[in-house]
S.K.: 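The structure's right below; bear with me while I get my questions together.
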Amino acid sequence: ASADTVVTNVADEAAEETDEAMEDEEAMEDDAMEDDAMEDEEAMEDVEPAVEEAATAVEEAVADELVIVSMSPSATEMLFAIGAGDLVVAVDNNSNFPPEAPTDEALTSFPVNVEGIVGYGPTHVVSSGPIEGLAEVGIENVILPFAATFDDTYTQIEQLGALTGNVGEAGELVGQIQTDIAAIVDATEAPEGLTYYHELDNTFFSSTSSTFVGQVYSLFGLENIADAADPDGESFGFPQLTEEFLITADPDLIFLADTICCGQTAETVAARPGWESLSAVTNGNVVELNDDIASRWGPRIVDYTQAIADALSEVEVAAAS
Amino acid sequence: MRDVDRVSAVSAEDVSVEIKGTRLLDSVSFEVYDGEWLSIIGPNGAGKSTLLRALAGAAKSVGSIEIAGTPLGELDLRERAKLIAWVPQTPIIPDGMIVTDYVLLGRTPYLNALQSPSDADVEVANETLAELDLMGFAGRKVETLSGGERQRVVIARSLVQDTPIILLDEPTSALDLGHQQDVLELLDQLIAEKGRTIISTMHDLTLAGHFADRLLLLGNDGRVAAHGLAPDVLTEKNISEHYNAEVTVTTEDGTVVVAPKIAKQNKSNTSKPRENQ
Amino acid sequence: MRDVDRVSAVSAEDVSVEIKGTRLLDSVSFEVYDGEWLSIIGPNGAGKSTLLRALAGAAKSVGSIEIAGTPLGELDLRERAKLIAWVPQTPIIPDGMIVTDYVLLGRTPYLNALQSPSDADVEVANETLAELDLMGFAGRKVETLSGGERQRVVIARSLVQDTPIILLDEPTSALDLGHQQDVLELLDQLIAEKGRTIISTMHDLTLAGHFADRLLLLGNDGRVAAHGLAPDVLTEKNISEHYNAEVTVTTEDGTVVVAPKIAKQNKSNTSKPRENQ
Amino acid sequence: MNARPASIRFSWVVGGVAFVLGSIAVALVVGPTSIDRTGVIVESFDAALPFTFESNLADQQVSIVRNLRLPRVTLGLLVGSSLAVSGATFQGIFRNPLADPYLLGVAAGGGLGATIAFTNGLGDGIGAFDPVQIFAFAGALSAVFLAWIMGSAAVTRSSNSGLLSNTSRSATTLVLAGVAIASFYSALQTYLQQRNTQDLRQVYNWLLGGLNTSGWDEVSLLFPVALISIAILASTGRILDVLAVGDEEATMLGMSVTRTRLFLIVVASLLTASAVAVSGLIAFVGLIIPHTVRLLFGSSYRIIVPMSIFVGAGFLVLSDLLARTALSPTELPIGVVTAFFGAPFFVVILRTSIK
Amino acid sequence: MNARPASIRFSWVVGGVAFVLGSIAVALVVGPTSIDRTGVIVESFDAALPFTFESNLADQQVSIVRNLRLPRVTLGLLVGSSLAVSGATFQGIFRNPLADPYLLGVAAGGGLGATIAFTNGLGDGIGAFDPVQIFAFAGALSAVFLAWIMGSAAVTRSSNSGLLSNTSRSATTLVLAGVAIASFYSALQTYLQQRNTQDLRQVYNWLLGGLNTSGWDEVSLLFPVALISIAILASTGRILDVLAVGDEEATMLGMSVTRTRLFLIVVASLLTASAVAVSGLIAFVGLIIPHTVRLLFGSSYRIIVPMSIFVGAGFLVLSDLLARTALSPTELPIGVVTAFFGAPFFVVILRTSIK
Ligand SMILES: Nc1ncnc2c1ncn2[C@@H]1O[C@H](COP(=O)(O)OP(=O)(O)OP(=O)(O)O)[C@@H](O)[C@H]1O
Ligand SMILES: Nc1ncnc2c1ncn2[C@@H]1O[C@H](COP(=O)(O)OP(=O)(O)OP(=O)(O)O)[C@@H](O)[C@H]1O
Ligand SMILES: [Mg+2]
Ligand SMILES: [Mg+2]
């Protein structure tokens, strides 16, 4: 069983329920959404027509009995952002946001303890990969895999909305994210043709434009130096780069997504032998990101986008002065 | 020496063994008949062990070797092991194995891959242990035995194999006088009672001549230097030529006795102990 | 037997060895003087090897053992190895090691941890190889040698160790007549020329009696059964009692000759080969 | 007739069976969720025997017992005994205390196979035909096959050149070929994994091994192979004892050393590969259990091999119990439990049983 | 005097030095960035020798040569020779073809130490005192220390109980204790890693090993230890040959087997632990290089040990070269390169050199 089948199951159960609620739902959404967001929404409906219907039904029929355990930090952030936090009884040890999330340090997903999860009495477990054995004890496994695109994120938020009956909030959230991101991108005027290096850890693992994090930079027309490691964009989404190449490529911007895991800062980067003369270092364009924000595909992609935008506006200053 | 009435147990024709260009054995031919005991003698490095290995199929050789009329190469390993048992000169002693288990290894050719030794097998082992004065050691680890005890255990394993042909490479080198005789007499008895064929190597020429029916002397060049009855092979000339040793050969009670003429030069015979030299 | 003029090389007093409650050696006492050759004899399992091990410090023993006047326990390993060389009954033959390297191991006590053998060391090794008729084998791997060749190589290692005291556990068991004599005469010469002290075990009682100054007979109970000159120890009574073998003891040229009275029952002496039995 | 071959004593068998049954009982009854003990036992009998027993458990409890605990315990028995008996076999074949069932590349091959499956997005199959299992199994066997081809061809050449060596040089050659092949497979696996770091956790998790995601599908895959292979291996102790006298003497005792070794390697590798396919790479068991048995009961493989089956089965069931309960709801990787509790225990045995 | 001990031939030394120098030259000159060859050589001489040489390279190119390539090559030499010589030593000590420098727990201990540092957020040190290095070093040594204590105490007991066994049982006991301790440390490491999955990537990278983040700091840490230890080990071949006759005979030759073994283990472990601390766990080299040397040049440790130094050094420098250039700009884990190219090469040698 994959993510699809589970979703369909939920939808099937719900399909029998009433249609009226759905119209209300749509009316409400119309008010709330801006145009471009709306288009996305419609596109998504083509792909997953059942989700909306299902959502309505669940809201009325299932919501009261819903008990959710989240084993995915991104899903946790989504659940709380759509106001379904009260349905969540426990989240795994890596779900450290939002602060009110019931993080259980003992709840680990690698490896996972099925009978241990049963102890929380959930009806649904949200995870990024399948958890075998849940179905056998009558628990739904909702699988929200790694998102490859923004649309995946929106779909997953909608899915959770449908599941928890918070369809409205989910729709609003998706709209809000889209609006915010569009606004940030509009407001940022980055110089053309800037290159960047997104650092995942201090052994120079990076991510290319074809990855989820890479897309965000593409919004601003930035050029990823790691793309050289994967010209056809099919493999090596996260290549480990040679230090010598990094130095020769001399990126305009360095984004550190390893400030928490590996304690990297602009200073530590500048202190690396051979790095002191890189343009990003000499121009102060080493940007410290929050690892979590830069690796999750939840609602905080807005914060992530904002961080990049902030950095870009400073580049302008640096370049101008 | 061929006799129409006798059945050939082992026959070797022009057997040579070569290793990396060195010839260890050169065109050795002989025939051993059922119920016979052939003793291979010769100086160190003559190729005695190599010859036994070749007969056992453990060393690659050219020439023809037939076991009970069948070319050696046509026997599969299991058939071969039911025909020939081999006591190596320096057997490998497995760590931690008890004597009974070790001796029972001799039953290997009679057991299928997944079969365990039966009670009958155990009984054979026990009888053989008793015959070789080893009952007291049955439960001991082989590696804790004394040199002579261990050597008898290895012989026991070959007897448990219950083959018509037994190859023994210096089987009594670590045995004391009494056990030497016991073992050789036991082998002699096996010939008499069960018609076994024995080919052995031995450095004690008196014993070799006494127990074997025939002797085969290998020279340093890996060729047969002499072959025949003890009085014909164990001559002072043969021995001084191939062993580089001075001996006196006498015959006592029909047994050829080879006694070294031992050092007289710097040793004052029985005037021992030497005082303050 | 004490002599004020003689210097004690090895002295054992009430030496016993016990292992898991079994007594292998029981209150053995004797003294060997500089330049003497003591031969330890006794049936298989009497404890001969155990005694040599105890003297060499390789087996834990109770009682007192003194080497050149110093208690064994007070010698550190290196000093001990400069005083005593030991030829084990079943030496471990390292895989792939060439003869020269193996023999050079005898120089270990003279080299610091990180030192390589000097040219002088290599020369000692070469001389010893030559003395033991082994020059042709210098570059060969030890494991490819024949039984007798290998045994001489092990003896060579012990001689290269250049110690005043040499313990040899059945050093000639795999040797042919000629090499047996050569080796024993070489040892005798070492006593004469360099004042070495030798303690050996041997199953050939005639040779043991001929070459050694004194004999020590260990009984099956691990106790000293007899100790003294060859004619006193090698008596028919002693031998039949402890070896469980019938022998005739004669004296030729002052050498005590022990000859087994060999099987007469089922063997028709020289009427060989047996025909169609 | 006072001389008797070394063999399993009846009391050891009884002890072994008791240990296994005890482990099963405890592992069924104890779990993160507390369930009425009688009910668990009744349900287990109901599941295991062709008779019907009625328990008073709630539906979900019944389901926990039947779908989570029972398959896990069963798989623990199978995997534990498989690894231990294969380990004993490999130690016998190679006469090397460091030999374990993964020696000739089963682990590296399984790892590569599983990684190929994961990185090609085949990792989320659930049900009887899990691509990861199939790829892991195929990878494991291919590595052993290559190791054999490389290692034994070399041996054939060497024995042509003259006398057989006393020491089992052929076994050493095979081991070295196995190590080289295993390294090669590991290199490929690492490379693939590095190209697909998004699958890192999945792969890593698989490499760690465990029974936590196992259900009846896994049991039904492993069961037939394990039953047959373990039955075969259980009676190969005598053969392994024959190999102890070296290739040359064993050959003269009528044993085709090369064929025997191949046969044993094939059976043990099939078994290990199947166990690896359903449970990943569980360390420690295959190496240490046979040594423990040797130290406790004796060094004949006629004892080591069968006793390893009991001890391995019970040990893994108990380890898995600890893996899911010790820090519940945290699941501990089973390799952590086996080594964390097993290693000190083994050291104690090592220090006390040297005789 | 025609009998001569087995020893290194002059031509082998010349060949070895040429191989190492050739590897260095190629590794300095070739890289993801193409830099004028003469310039690279001139800069390298300038950096290595107390004289001044002027090259016509751009600043950035100078920096690449001096800060990236030179330290990497130097570290490759040091780590490669360290692992190979330690591996040869361990194989000699334990007379086991499967022995490698990680046998007694250096790898597991280093892994645990590094993981402790990472999971406590100490992974960010830059400069001479990197906590990860210190923790890895300490962890590695503590594991070996424990293994020795556990393994040799058992031996002392056993030799009290009577005659020494001919086979080196004490070495086997030590190996088994080492394996148990290594498993225990690995268990702890895995546990820590599992509790801190956010550090998984870092830990995993460290475990894979590599020279890609190495600079002069690492060189200056390893250099003194490596120089002294390698110099000591280079001349221990004779001792290792003595150990070949077994504990009992070696003792009678005046060698204190226990003390010698301890000494060798201490030196080799210090060396390995230092190499591990700066470069993580690089597989294959320590196990396979000594075997390659044995197959090519002969089985006396007086040959194996020193030749392993040359071959190990050159091999790792070349492997690292491939790691950073083969798929440039992607960096390959060095363990992938060593095994991917080394394993087939080794199998060829294994199959052709059996005599
Ligand atoms: N691999 C080899 N390379 C060269 N020569 C060898 C090899 N193996 C054996 N030999 C030589 O072949 C000769 C015959 O050996 P073999 O073991 O058959 O002698 P033997 O007659 O049994 O001697 P011994 O009485 O000492 O046991 C010996 O000189 C030995 O050195
Ligand atoms: N670990 C042990 N447990 C019990 N008995 C032992 C042990 N080790 C040795 N023995 C016994 O001690 C006795 C003496 O052994 P030793 O090797 O000293 O005999 P030996 O006189 O050298 O005999 P051989 O002439 O056969 O070489 C033997 O009977 C042997 O079985
Ligand atoms: Mg021979
Ligand atoms: Mg003895």
S.K.: Please determine, among D:Ala244, D:Gly254, D:Ala250, the option with the most heavy-atom pairs under 4.5 Å with chain B.
M.R.: D:Gly254
S.K.: List for me each residue that meets ring pair (Phe, Tyr, Trp, His ring centres under 6.0 Å) alongside D:Phe297, sequence neighbours excluded, and say none if there are none.
M.R.: D:Trp12
S.K.: Report, by ascending residue number, the residues of residues 66-76 of chain B in heavy-atom contact with chain D at a distance under 4.5 Å; give 'none' if the set is empty.
M.R.: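 Result: none.
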S.K.: I'd like a table of donor-acceptor pairs (distance under 3.5 Å, sequence neighbours excluded) in which one partner is a side-chain atom from residues 225-242 of chain D, with atom names and distances.
M.R.:
residue	atom	partner	partner atom	Å
D:Ser229	OG	D:Val225	O	2.8
D:Ser235	OG	D:Ala231	O	3.3
D:Ser235	OG	D:Ile232	O	3.1
D:Thr236	OG1	D:Leu233	O	2.6
D:Arg238	NE	B:Gln115	O	2.7
D:Arg238	NH2	B:Asn112	O	2.9
D:Asp241	OD1	D:Tyr301	N	2.9
D:Asp241	OD2	D:Ser300	OG	2.7

S.K.: For the CZ atom on D:Phe19, are there more than 12 heavy atoms of other groups (residues, nucleotides or ligands in this structure) within a distance under 6.0 Å?
M.R.: yes
S.K.: Got D:Met252 and B:Arg80 here, is their nearest side-chain heavy-atom distance under 4.5 Å?
M.R.: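 Touching, per the 4.5 Å side-chain cut-off.
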S.K.: Using the rule given for side chain to side chain contact (heavy atoms under 4.5 Å, CB included), can you reason through D:Arg259 versus B:Leu77, listing the C-alpha separation, both sets of side-chain angles and the distance that settles it, and then say yes or no?
M.R.: CA-CA 11 Å; D:Arg259 228 187 302 150; B:Leu77 294 183; 5.8 Å; no
S.K.: Quick one: of B:Leu104, B:Thr163, B:Asp101, who has the most non-hydrogen atom pairs under 4.5 Å with chain D?
M.R.: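 Sorted descending by pairs with chain D, the first entry is B:Asp101.
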S.K.: Judged by atom type as modelled, is there a donor-acceptor pair below 3.5 Å linking the side chain of D:Glu249 to the main-chain atoms of B:Pro91?
M.R.: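 Between the backbone of B:Pro91 and the side chain of D:Glu249 there is no qualifying donor-acceptor contact (under 3.5 Å).
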S.K.: Using modelled atom types only, decide if a donor and an acceptor are shared between the side chain of B:Thr108 and the backbone of D:Leu253 within a distance under 3.5 Å.
M.R.: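 Between the backbone of D:Leu253 and the side chain of B:Thr108 there is no qualifying donor-acceptor contact (under 3.5 Å).
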S.K.: Can you name the nearest heavy-atom pair linking B:Asp95 to D:Ser299, along with the distance?
M.R.: O-OG, 4.3 Å
S.K.: Sorted by first residue and then second, give each salt bridge (charged side-chain N to carboxylate O under 4.0 Å, His left out) pair with at least one member in residues 108-121 of chain B; sequence neighbours left out.
M.R.: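 Checked against salt bridge (charged side-chain N to carboxylate O under 4.0 Å, His left out) - neighbours excluded - the pairs reaching residues 108-121 of chain B are B:Arg107-B:Asp121.
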S.K.: Could you check whether atom CZ of D:Arg9 has more than 12 heavy atoms from other residues, nucleotides or ligands sitting under 6.0 Å from it?
M.R.: no
S.K.: Non-hydrogen atoms of chain D under 4.5 Å away: do they reach the side chain of B:Leu105, the backbone, both or neither?
M.R.: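 For B:Leu105, backbone and side chain are both near chain D.
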S.K.: Between D:Arg294 and chain B, with a heavy-atom cut-off of 4.5 Å, which part of the residue counts as in contact: side chain, backbone, both or neither?
M.R.: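 Answer is neither: D:Arg294 stays 4.5 Å or more from chain B.
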S.K.: With a 4.5 angstrom heavy-atom cut-off, which part of B:Tyr102 approaches chain D: side chain, backbone, both or neither?
M.R.: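 Looking at B:Tyr102, just its side chain touches chain D.
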S.K.: Got a sec: does the CZ of D:Phe223 have more than 12 other heavy atoms crowding it under 6.0 Å?
M.R.: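 For D:Phe223, atom CZ is not crowded (no more than 12 foreign heavy atoms under 6.0 Å).
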S.K.: With only heavy atoms counted, which part of B:Leu111 is less than 4.5 Å from chain D, the side chain, the backbone, both or neither?
M.R.: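 For B:Leu111, heavy atoms of backbone and side chain both lie under 4.5 Å from chain D.
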